[in-house]
Amino acid sequence: MEDFIPSSPAAEVTGMYSCGPTVYAFPHLGNMRPYVFADTLRRAFRWKGIAVRHVVNITDVGHAVADTDTGEDKLEVAAARERRSVLDIAAFYTDAFFVDIAALNILPADEYPRASAYVEQMIEFAAKLEKDGFTYRLPSGLYFDTSKDPGYGELAQMNAEGQLEAARLEYVEGRRRKTDFALWRAEEPGKRRVLRWDSPWGWGAPGWHLECSVMSMALLGEHFDLHTGGVDHRELHHVNEIAQSQAYLGDGLPWVRYWLHNEFLQLGAMKMAKSAGGAPRLADLTEAGYHPLAYRLFLLGGHYRSQLDFTPAAVDAAQATLRRLVTRVQSLRPLPVVETLAEATASVRDDPVAQQYLDTIDAAIAADLSTPKILAALQDALRDPAITTDGQRTIVAAADALLGLGLATLDPGDLERRRAVSDLSAEEQRAIEELVADRTQARKERDWARADQIRAQLDELGVQVTDTPEGPIWQLR
Ligand SMILES: [Zn+2]
């Protein structure tokens, strides 16, 4: 744990950059953990009265399959697979990302820059590195020479030899060190890329690491305070962002003061309907009858630097906890608007018990974002007979300003777990499908009385049938 000291105390706004999604597929549950974590960090700064300007990039070009330096782009592969244009793919999966961001009650970032809009600046950035002697050219592109950076890899605490073995299995013809990475990925002869730009190193596309350095500096200034991402970025992507940025700036200062990484979500034990072959998405969770904020509560119930195991039992427990909290809070509504420690302190001045809970919450968020302790303090305060009702209102509002669980607006009914299709036995599903087929047949024979009778039967089973041009579809209410 470390104290936060802003780079320029006079600055009115603290800059924060979070590595964003590569928009070539639906984000799965694990992909969303970094944004819930970054949101918690933002809420912590707001709590302390420090304004944050938050930038999250959208990678719509330059990210090769398997994070390698050569080969096809993730987006181009997806476009070919789905028979859509790369731009369609990017727009579609960017929207899907924003849907999940909103469902998880994540405060929107101030900027979501698209990599494809910054390629000219990336070329200028790489050209300066070349002019300053940090690069070499190969037929496959322009490479950053990591031997020129004595501090290379400090973030990941790597040893000089044997470093990044796992991440660098790729063989690149002519690459001097395994750690050297592409700033520009030249088009292979005879293989024309879909998204391509002309550059001093030929037609091609930027390397994946370049965009974050370029876009963060463009939107937050050359140096800024906070950079976040998943722990998988600590070993490779962030190490390379730092190397190229500090070489570019050349002022001997650390590029970014604080790096924060969230741990992984283990999804191994989780199997959900419709996600066969892929990791479960937030939409799978809601389809299975859970509320998105139950997933948020599940994440905040662990510390961001701990691995979490996502299991059906864990998400059940999270949903039950959230339902209990929301039920208990109903009688306290409306809650006061409290976003900062100063606001909360002012409103509990006459309630020493509430003041103590506020101190506990403040100490917990300051202790490296200990969200499990805030949850515990909230639950204790709701049970405590010594606290005043107004004190309770303030504590709920204060805890929720940090946790973002929607306690001011959710209703217990939102958290009743609906029966999902995956809860039905095979026989039940078969019986419903037979009834739906019988109804279709009756309609074909214009036997409206029978069709209506079957619909009533389905209704009783909680099955809702919708007729579409492709035939009837059914779902549980
Ligand atoms: Zn990044």
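Both counts, for ligands and for their atoms, begin at 1 and track the order of listing.
Because its NZ or CZ atom is not both nearer than 6.0 Å to the ring centre of Tyr143 and within 45° of the ring axis, Arg175 does not count as a cation-pi partner of that residue.
The Zn ion (ligand 1) lies under 2.8 Å from an N, O or S atom belonging to Cys212. Look at Cys19 and the Zn ion (ligand 1): an N/O/S atom of the residue is under 2.8 Å from the metal. The Zn ion (ligand 1) has no N, O or S atom of His209 under 2.8 Å away, backbone or side chain. The distance from the Zn ion (ligand 1) to the nearest N/O/S atom of Glu241 is under 2.8 Å.
For the residue pair Thr146/Asp180, the side-chain donor-acceptor check at 3.5 Å is satisfied. Asp362 and Trp47 share a side-chain donor-acceptor pair at under 3.5 Å.
We find that Asp411 and Arg333 are joined by a salt bridge, their nearest charged nitrogen and carboxylate oxygen being less than 4.0 Å apart.
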